[in-house]
Structure formats: C-alpha cells, structure tokens
Amino acid sequence: MCMVIFAPIFAICAFATCGGYVGHLRVKVDCADRRQSNLSINIDFAYPFRLQQVHFKAPLCEKNKQEILFLEGDFSSAAQFYMIVGVFAFLYSLLATIVYIFYQNKYRENNRGPLVDFVVTLVFSFMWLVSTCFWAKGLYDIKKATDPTLVLLLISACRAQENRCAVSQEPLWSALNTSVVFGFVNLILWAGNIWFVFKETGWYKTGQRYPTRSVSGRRANGMRQRLYSESSFDQPGESFGQQLYRQESINQSEGDFGQQVYRQASFNQSLRSLNMPQTQLGTPVIHNQENKCTLKGPMIFVNEM
C-alpha cells in the first residue's frame, strides 16, 4: 500500500525537479576603457545540460570587439537517463495503483500478476540505484563546469590585469540537489517494496506450506526409525505395532487380576468384622470312576463361626 500511495508522488518530484531546472549565471567585465565595459553578461543553462551549446558574448576591451564563448561539457546522458527512469517509474506505479484497486482478482489469478510485479519491482529498484548515482556524479560535473571562477577564465579580457571581472549572480543548486534526494528516496521505496511483493508470489506461499524441519525434529525422527528397525530385527515375524498391542494386553490382564484379588480380600475382611460366615472361592474336586480328579468351576465354602 505504501508503494501505491507514494511511488507516483516521489517519481513526479524526481523528474520534475530535474527537468524543470534553469540556471542563471551573471558576470561583469569592467575594461580599462570604460566605454567597452559590459556589466551584465547573462549565461543561462537548463536541462538536458548540453553546456557545450551554451554560448554568450564578452567584450575584448580593445577596438570595440566582442568574442563568442561556449561553456564546456555535455552532461545530457546522465540527466536524460535519470528522467527516463523517473517517467517510466511514474507510469508503472500509476498502472499498478489502478490494478491493485480495481482488478485485484485478475491480479492474483494464476499467480502471474504478483510474479510480473515482483520482477518489475526488482528492475526499477536497480534502475533507480544506477540512475541516481549517475545523475549525482553528473550534477557534480555540472557545478564544476559552471563554476564562476572557471567561467571568468574563459573570457580573454579577464585574463588581462588592467581589466576587472566579477560575478554578480551565481546559479542556485537547491532544485537539482533535491532531485538527487528524491532519487534516493525512490530507491528506498522501491527496494523496500520488494519484500511485500514477494509475499504475494507463489514462491513465498510454497515455502510457508512446506516448512523445513528443525534439527531437533530430524533427530527425533531418526531415533524413532532406529528403534523401529531394531524391534523389527529382534522379531522379524512380528511388527512393532503388534508387540505394543500384546504388551498392553498383558498389562491390562495383570491389572484386572490384581483388582479381583483386592476385592476378595476386602470382602473377607468385612465379613470377619461382622462375625458372619466367611466365604471363600475354591475349586471343587470331583472324582470320576477311575479315581481321577477333575477340575470344574468355582465352589463356595461356608465357615460357621
């Protein structure tokens, strides 16, 4: 959302402060012969900063002659590259704003919209970095080429000691300095938006759906596999799950038998305290014809007190 709101605004500020700049430099030449002096020589330069095409007329301070002089340097490539990046960033951010607001469903369809947005955001982040650095170096060269001291040295009359030359107005660089600042602000804005656009892509969602196992989880899983393999090796004909089930059944039967013995002891103790006949569970012995004993179900013996 930060990208949608601020990207078009900062892009406009970046290329507007650069493309709308006009610099004014004014020098005066006071010749020894006052009649040939020129106290107002205006030198104007602007975007795209082809200074070699900026010319002005200066007096020679002899025989009423003038000379045509040109500034030095061509810095149009840095300025134009910066302007192109700013304009295209503004157009794309404006288009992205419209898509985010009115075509959100189509944007997320088939995951194509987030992927395209992610790639374009990476490209513009890199382009803002390159263009801003390039333009900052170009601005430094422009300031150096329009230095009033160097401009006065271009005038032949100013190199003579009998003539006096001075600068009456220097160019203001606040607008161009601001354009460089806006360039770095756009770089931070677009680079910071990379993470938020990446979260909309399928790559981030895939990583969230299948998280990687931690080291402790992998160790616990390895120990379970080793225990299972050792149990399977000791009893190859029986699975580990069957062993656990048999062990639980044995423990349960032992617990039931202990509870039954505990109930019988408690019942006998209660009868003894009440002076009632005690009952004991026994196993009757029945002799068959061959004088052999056989066992049958439980039989109750009554002891009369």
Side-chain angles (χ1 to χ4, degrees), residues 9-90 128 130-186:
I9 298 175
F10 284 113
I12 292 175
C13 294
F15 66 77
T17 52
C18 178
Y21 177 81
V22 178
H24 301 281
L25 176 62
R26 181 180 297 172
V27 298
K28 61 181 180 179
V29 178
D30 191 4
C31 300
D33 186 0
R34 299 283 181 171
R35 294 174 298 180
Q36 299 180 7
S37 298
N38 188 347
L39 302 180
S40 179
I41 302 175
N42 294 318
I43 305 172
D44 298 332
F45 57 94
Y47 175 85
F49 305 104
R50 293 187 177 95
L51 300 184
Q52 80 277 9
Q53 298 179 0
V54 178
H55 64 278
F56 60 95
K57 294 180 180 181
L60 289 174
C61 294
E62 60 180 13
K63 298 180 181 180
N64 294 327
K65 293 183 178 179
Q66 291 183 343
E67 61 179 349
I68 300 176
L69 301 174
F70 292 85
L71 297 179
E72 297 178 353
D74 183 5
F75 309 100
S76 59
S77 58
Q80 289 177 341
F81 180 53
Y82 182 79
M83 285 285 293
I84 290 173
V85 173
V87 171
F88 278 99
F90 166 74
W128 273 116
V130 175
S131 62
T132 303
C133 295
F134 192 26
W135 169 233
K137 177 60 169 61
L139 178 59
Y140 172 79
D141 294 335
I142 292 172
K143 293 179 180 180
K144 186 176 180 181
T146 56
D147 187 9
T149 303
L150 296 178
V151 173
L152 292 177
L153 293 177
L154 295 176
I155 302 174
S156 301
C158 294
R159 292 194 291 265
Q161 295 182 356
E162 63 273 11
N163 301 322
R164 291 181 300 177
C165 298
V167 178
S168 57
Q169 182 180 354
E170 295 184 4
L172 299 176
W173 304 106
S174 58
L176 294 183
N177 292 334
T178 305
S179 68
V180 175
V181 173
F182 278 123
F184 284 108
V185 170
N186 279 280

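Worth saying up front: this structure is predicted, and the values here are computed from it rather than measured.
Remark: the backbone N or O of Met83 is not paired with any side-chain donor or acceptor of Tyr47 at under 3.5 angstrom. Listed for the Tyr82 side chain is a donor-acceptor partner under 3.5 Å among the backbone atoms of Gly183. A donor-acceptor pair under 3.5 Å links the side-chain atoms of Ser168 to the main chain of Arg26, judged by distance alone. Under the 3.5 Å distance criterion, the side-chain polar atoms of Asp44 are left unmatched by any main-chain donor or acceptor of His24.
The shortest side-chain heavy-atom distance between Phe182 and Phe15 does not fall under the 4.5 Å cut-off. A heavy-atom distance below 4.5 Å is not found between the side chains of Ile84 and Ser131. Between Tyr140 and Val180, every side-chain heavy-atom pair lies at or beyond the 4.5 Å cut-off. With a 4.5 Å cut-off on side-chain heavy atoms, Leu176 and Lys143 do not count as touching. Under the 4.5 Å side-chain criterion, counting only non-hydrogen atoms from C-beta, Asn186 is not in contact with Val85. Side-chain contact between Leu139 and Phe49 is absent, with no heavy atoms from C-beta onward closer than 4.5 Å. Contact of the Phe45 side chain with the Arg50 side chain is not registered, since no non-hydrogen atoms from C-beta on lie closer than 4.5 Å. At least one side-chain heavy atom of Val29 sits less than 4.5 Å from a side-chain heavy atom of Cys61.
The nearest pair of heavy atoms linking Pro59 to Ile155 is O-CG2, 4.5 Å. Here the closest non-hydrogen pair linking Gln52 and Gly73 is OE1-O, 2.8 Å. Taking each heavy atom of Trp128 and Ala14 in turn, the nearest pair found is CH2-CB, 4.0 Å. Of all non-hydrogen atoms in Val22 and Ala46, the two that sit nearest each other are CG2-CB, 3.9 Å. The two atoms that bring Asn163 and Ala32 nearest to each other are OD1-N, 2.9 Å, heavy atoms only. Here the closest heavy-atom approach between residue Gly86 and residue Ala11 is recorded as O-CB, 3.8 Å.
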Subject >> Verdict with supporting geometry, Phe56 and Leu25, side-chain contact (heavy atoms from CB on, under 4.5 Å) >> reply: CA-CA 11 Å; Phe56 60 95; Leu25 176 62; over 6 Å; no

**OP:** Using the side-chain contact (heavy atoms from CB on, under 4.5 Å) rule, take Thr146 and Trp173 through it: C-alpha gap first, then chi angles, then the decisive distance, then the call.
**Re:** CA-CA 11 Å; Thr146 56; Trp173 304 106; 3.2 Å; yes

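With rounding to the nearest 0.5 Å, the separation of SG in Cys133 from CZ in Phe184 is 4.5 Å. The CH2 atom of Trp135 lies 10.0 Å from the OG atom of Ser77; values are rounded to the nearest 0.5 Å. In this structure, Ile142 CD1 and Phe75 CZ are separated by 6.0 Å, a value rounded to the nearest 0.5 Å. Note that CD of Gln53 is 7.5 Å distant from CG of Asp74, once rounded to the nearest 0.5 Å. Rounding to the nearest 0.5 Å gives a distance of 8.0 Å between CD of Glu170 and CG of Asp147.
A side chain to side chain contact (heavy atoms under 4.5 Å, CB included) with Ser156 is found for one member of Glu62, Glu67, Lys65 and no other, namely Glu67.
Open room surrounds CD on Glu72; 12 or fewer heavy atoms of other groups in view lie less than 6.0 Å from it. Other residues, nucleotides and ligands contribute over 12 non-hydrogen atoms within 6.0 Å of the CG atom of Leu153. Within a 6.0 Å sphere centred on CZ of Arg164, heavy atoms belonging to other residues, nucleotides or ligands number 12 at most. Under a cut-off of 6.0 angstrom, the local environment of CD in Gln161 is sparse, with at most 12 non-hydrogen atoms contributed by other residues, nucleotides or ligands. Open room surrounds NZ on Lys57; 12 or fewer heavy atoms of other groups in view lie less than 6.0 Å from it. Within a 6.0 Å radius of CZ in Phe70, other residues, nucleotides and ligands contribute more than 12 heavy atoms. Residue-environment remark: CZ (Phe88) stays at or below the threshold of 12 foreign heavy atoms within 6.0 Å.
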